[in-house]
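This report concerns only the one structure given below.
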Amino acid sequence: MGLFSKNFLWGSASSAHQVEGGAVNDWSGWEKANAKRLAREAEKKYGHLPSWEQIKDQATNPNNYISGHACEHYRMFREDFDSAQALGHTAHRFSLEWSRIEPVEGRFDETEIAHYREVIKALRARGIEPFVTLWHWTLPVWLAEKDGILNRQFSEYFERYTTKVAKEFGVEICFWITINEPEIYALNSHYRGIWPSQKTGFINFFRATHALNRAHRNAYRVIKKINPNAKIGASLNTSYFESAGGRISNCMKWAVDWLWNMRFLRNIHNELDFVGINYYFHNRIKGFWFNQNENKKISDMGWEIYPEGLYHVLLDLKRFQLPVYITENGVADMNDVFRADFIRDHISEINRAIAEGVDVRGYFYWSLLDNFEWDKGFWPRFGLIEVDYETQKRKIRPSAFEYKKIIEESAIKP
Ligand code: BGC
């Protein structure tokens, strides 16, 4: 008998815009308008990375920044799920693309709904539990043109879309994720202005998080009404903030923990059946300085690999007394040299947290396939499965088989 419960869910995650291909939404328009600029800025942003020599051709090519056909997962989902099944996955997280379902305000496209019904069926037929994300950052063009999530009626628009899909799939889906990483979206789109709709400033940031809070609450209520047995959560981006010691660092840690990890959760915890967490970052704070990390191991994107952080984040969540799913955790690693250890080490930290009483019930590696990494384009390679974007051929990476072994053994020795 392994250390994880029999019912622990193992799988991977993805999002529509990053894999499907053929998107017509606010991002696809923004990509076309910004591709040349992003290619020009690449060396300044990524030139310092050890991976630069290997990524530079792609990163300096404007085509890299246009999602276009992506992985053609829209067409190839069945074969991709065959691979997930062969790799021992028992759950899969994916998102519905709002712009496909409601391309024109108030009009739903039945063909697209039928498409997602097939996606759900294909997962079920392979014994894979679907986790459906309602919103993973992309907006229908009609809504983006009306100020997107800052529109006063945003939560009502979101509620109307949610009602439609919950009525369609309410009985087929047990697990719903309303919103993906509200904090990251608000930060990049409404504070730093580096993603569409390129707004900046604190006021926009707070307005954005407030709008997403409300949208979550409404969606929760609507889904529950349609299917009282549904389990509904949100996927939050959580970082492990570590204090280097001393009064200033401790205060800073406390403040950013509250602002980043706890604020959204505190606001919505009465409307949550589980907490979804996406874990990628550790941030060591020394005095007033952030990111004083040792960076002993970094990914192709320069992000530190720090599995212990996941353990600390999980223990902090214990106070909410809710089941937890790791809805994303992954590494950009084109040569597949870190990924197997990355997965093993993070799962081992989850194990440690479970042993200390945190109710973790599932792990979703990000991502099943290499995919379109937003403003960075295609060069970061997160996939368990490598994608050749010219031919759309897939190749399972060795680390994916290591993950399979972990799932089969279901037992990581701490
Ligand atoms: C997002 C994904 C993204 C991943 C890696 C998460 O913040 O939800 O869409 O691809 O991080 O950057």
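Just so you know, ligand 1 is whichever comes first in the structure, and atom 1 is the first atom listed for that ligand.
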Over all atoms of both residues, closest heavy-atom pair of S51 and D300: OG-O, 2.8 Å
Mode of N180 contact toward ligand 1 - side chain, backbone, both, neither (heavy atoms, under 4.0 Å): side chain
Got the closest protein heavy atom to [atom], with its distance?
{"atom": "atom 7 (O) of ligand 1", "answer": "E181 OE1, 2.6 Å"}
{"atom": "atom 4 (C) of ligand 1", "answer": "Y280 OH, 3.4 Å"}
{"atom": "atom 1 (C) of ligand 1", "answer": "E328 OE1, 3.3 Å"}

State the atoms of ligand 1, each with its element, that fall below the 4.0 Å cut-off from a heavy-atom position in [X].
{"X": "W137", "answer": "1 (C), 7 (O), 8 (O), 9 (O)"}
{"X": "E373", "answer": "3 (C), 5 (C), 10 (O), 12 (O)"}
{"X": "Q18", "answer": "2 (C), 3 (C), 9 (O), 10 (O)"}
{"X": "W303", "answer": "12 (O)"}
{"X": "H136", "answer": "1 (C), 2 (C), 8 (O), 9 (O)"}

Centroid separation under 6.0 Å, is that true for the rings of [Y] and [X]?
{"X": "F154", "Y": "H210", "answer": "no"}
{"X": "W254", "Y": "F241", "answer": "no"}
{"X": "Y74", "Y": "H115", "answer": "yes"}
{"X": "F205", "Y": "H190", "answer": "no"}

Crowding at NZ, K395 (>12 non-hydrogen neighbours, <6.0 Å): no
Sidechain N-carboxylate O distance under 4.0 Å for R93, E328: yes
NZ/NE/NH1/NH2 to OD/OE distance under 4.0 Å, R381 and D370: yes
Sub-4.0 Å heavy-atom contact, K376 with ligand 1: no
I184 to ligand 1, any heavy atom closer than 4.0 Å: no
Min N/O separation S15 to ligand 1 under 3.5 Å: no
